[in-house]
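The structure presented is a predicted model; accordingly, all values stated were derived computationally and were not measured.
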Amino acid sequence: MWVRSATKEDLDAVHEMLVTTWHATYDDVYGAEKVKAITGRYHSLEALKKQLAKPYSEFIIADDGADILGMAYASQKDHRLSILNQLYVHPERQKQGVGSLLLAEVESAFPGVFSMQLEVIEANQKAIRFYESRGFERTSNRIENWGEPNSGISVVVFEKSLTGYELAP
């Protein structure tokens, strides 16, 4: 398995992996139609192209030479904080170290940044356990309607100190 920067040529496969992962994770919680609308908006090819082109960001994938196993997208908010916007692993490849490799890569992608923040959909207890087991702690922030007003999707905010990734004096 390799972790590498995503390219334009990867985006169709990344999109398909995201759609598959979201349906597997959230259809039972929010329904297939709502999941389809969310993936159509936030994981469309156009949205992925914008992420790929955004400065001060890292868009990476894990692949095995044939398939996309997972992806992560993070951006630097300012000189102190980076944001993990997305980290998804194909349902058939979860619990095999893919997410851990992707997370380690994005944690080290912004030297000098002091902490990383992320939001997790509250219904996704597997993801919450994953991040907590890797040193992320819940902040006091909670968002009731993620994405748009009245979405009915609540998220919790996590943060982790990135000590050890500082720039040398």
Side-chain angles (χ1 to χ4, degrees), residues 3-63 67-78 81-94 98-103 105-107 109-110 113 115-131 134 136 138-139 141-160:
V3 173
R4 61 177 175 81
S5 295
T7 66
K8 285 186 233 178
E9 290 75 25
D10 296 317
L11 296 183
D12 284 328
V14 169
H15 168 75
E16 290 303 317
M17 188 274 305
L18 287 168
V19 170
T20 298
T21 303
W22 263 73
H23 280 290
T25 306
Y26 296 113
D27 277 3
D28 290 344
V29 178
Y30 299 114
E33 286 304 311
K34 187 170 190 170
V35 171
K36 181 179 178 182
I38 290 169
T39 58
R41 179 174 181 185
Y42 295 105
H43 304 135
S44 68
L45 289 176
E46 190 59 36
L48 296 174
K49 285 177 188 174
K50 286 180 183 176
Q51 290 175 330
L52 194 61
K54 185 177 179 189
Y56 306 105
S57 67
E58 186 76 10
F59 189 149
I60 59 173
I61 61 169
D63 73 29
D67 297 309
I68 303 291
L69 312 178
M71 64 80 66
Y73 173 71
S75 56
Q76 187 171 338
K77 182 174 181 179
D78 56 36
L81 181 67
S82 60
I83 306 293
L84 178 59
N85 305 94
Q86 296 172 302
L87 191 153
Y88 295 103
V89 176
H90 192 284
E92 294 174 3
R93 298 309 295 258
Q94 293 176 2
V98 177
S100 296
L101 286 173
L102 290 166
L103 183 59
E105 183 69 25
V106 294
E107 284 180 350
F110 307 100
V113 170
S115 61
M116 177 171 274
Q117 192 175 81
L118 57 93
E119 298 172 355
V120 179
I121 293 177
E122 199 164 29
N124 191 346
Q125 291 299 307
K126 280 180 22 179
I128 288 173
R129 286 190 300 275
F130 172 80
Y131 290 115
R134 281 144 185 91
F136 283 85
R138 289 180 194 227
T139 69
N141 299 327
R142 184 171 183 271
I143 300 165
E144 292 293 329
N145 289 295
W146 171 83
E148 56 190 47
N150 304 312
S151 71
I153 299 173
S154 60
V155 298
V156 290
V157 179
F158 286 83
E159 194 162 317
K160 178 181 180 180

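Contact of the Ile61 side chain with the Val3 side chain is not registered, since no non-hydrogen atoms from C-beta on lie closer than 4.5 Å. You'll find the side chain of Leu69 stays beyond 4.5 Å of the side chain of Val89, heavy atoms only. With a 4.5 Å cut-off on side-chain heavy atoms, Ile83 and Met116 do not count as touching. The closest side-chain heavy-atom distance from Ile128 to Val156 is below 4.5 Å. Between Asp27 and Lys34 the shortest side-chain heavy-atom distance does not fall below 4.5 Å. Between Val120 and Val155 the shortest side-chain heavy-atom distance does not fall below 4.5 Å. By the 4.5 Å heavy-atom criterion applied to side chains, Ile60 and Leu102 are counted as neighbours. For the pair Lys8/Leu52, a side-chain contact is recorded, criterion being any heavy-atom separation below 4.5 Å from C-beta on.
Closest of all the heavy-atom pairs between Tyr30 and Ala123 is OH-CB, 4.0 Å. In terms of heavy atoms, Val106 sits closest to Ala72 at CG1-CB, 3.9 Å. Heavy-atom minimum distance, Pro91 versus Thr21: CD-OG1, 3.4 Å. The two residues His23 and Ala32 come nearest to each other via the heavy atoms CE1-O, 3.5 Å. Annotation for Leu84 and Leu118: closest pair O-CB, 3.6 Å, computed over non-hydrogen atoms.
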Assess the residue pair Val29 and Val35 against the criterion (side chain to side chain contact (heavy atoms under 4.5 Å, CB included)); give the C-alpha distance rounded to whole Å, side-chain angles, the decisive distance to 0.1 Å, and a yes or no.
CA-CA 9 Å; Val29 178; Val35 171; over 6 Å; no
Between Phe136 and Val157, does a side chain to side chain contact (heavy atoms under 4.5 Å, CB included) hold up when you go through it step by step?
CA-CA 10 Å; Phe136 283 85; Val157 179; over 6 Å; no
Full working for side chain to side chain contact (heavy atoms under 4.5 Å, CB included) between Ser5 and Phe59
CA-CA 6 Å; Ser5 295; Phe59 189 149; over 6 Å; no
Hey, mind stepping through Gln86 and Tyr42 against side chain to side chain contact (heavy atoms under 4.5 Å, CB included) and telling me if it holds?
CA-CA 10 Å; Gln86 296 172 302; Tyr42 295 105; 5.5 Å; no
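In this structure, OH in Tyr56 is found 11.5 Å from CZ in Phe110, a value given to the nearest 0.5 Å. Interatomic distance, NZ of Lys126 versus OH of Tyr131, reported as 12.5 Å (0.5 Å rounding). Here OG of Ser82 is found 7.0 Å from CD of Gln76. Values are rounded to the nearest 0.5 Å. With values rounded to the nearest 0.5 angstrom, Ser100 atom OG is found 9.5 Å from Glu107 atom CD. One finds the OG1 atom of Thr139 at 8.5 Å from the CZ atom of Phe158 (value rounded to the nearest 0.5 Å). Here the CG-CZ distance, from Asn124 to Arg129, works out to 8.5 Å after rounding to the nearest 0.5 Å.
Distance alone, capped at 3.5 Å, is enough to place a donor-acceptor pair between the His15 side chain and the His43 backbone. Judged by distance alone, with hydrogens and angles left aside, the side-chain atoms of Thr20 form no donor-acceptor pair with the main-chain N or O of Met17 at under 3.5 Å. A donor-acceptor pair is defined here as one N or O able to donate and one able to accept, closer than 3.5 Å; no such pair exists between the side chain of Glu58 and the backbone of Ala109. Within the 3.5 Å criterion, the main-chain N or O of Arg134 finds a donor-acceptor partner in the side chain of Lys160.
No more than 12 heavy atoms of other residues, nucleotides or ligands shown are found within 6.0 angstrom of NZ on Lys77. Atom CG of Asn141 has more than 12 heavy atoms from other residues, nucleotides or ligands within 6.0 Å.
One finds a salt bridge joining Asp10 and Arg4 here, because a Lys/Arg side-chain nitrogen approaches an Asp/Glu carboxylate oxygen to under 4.0 Å.
Remark: the Glu9 side chain and the Thr7 side chain contain an N/O donor-acceptor pair separated by less than 3.5 Å.
Results of the side-chain contact (heavy atoms from CB on, under 4.5 Å) test with Tyr26 over Ile121, Thr39, Ile38 single out Ile121 as the only residue that passes.
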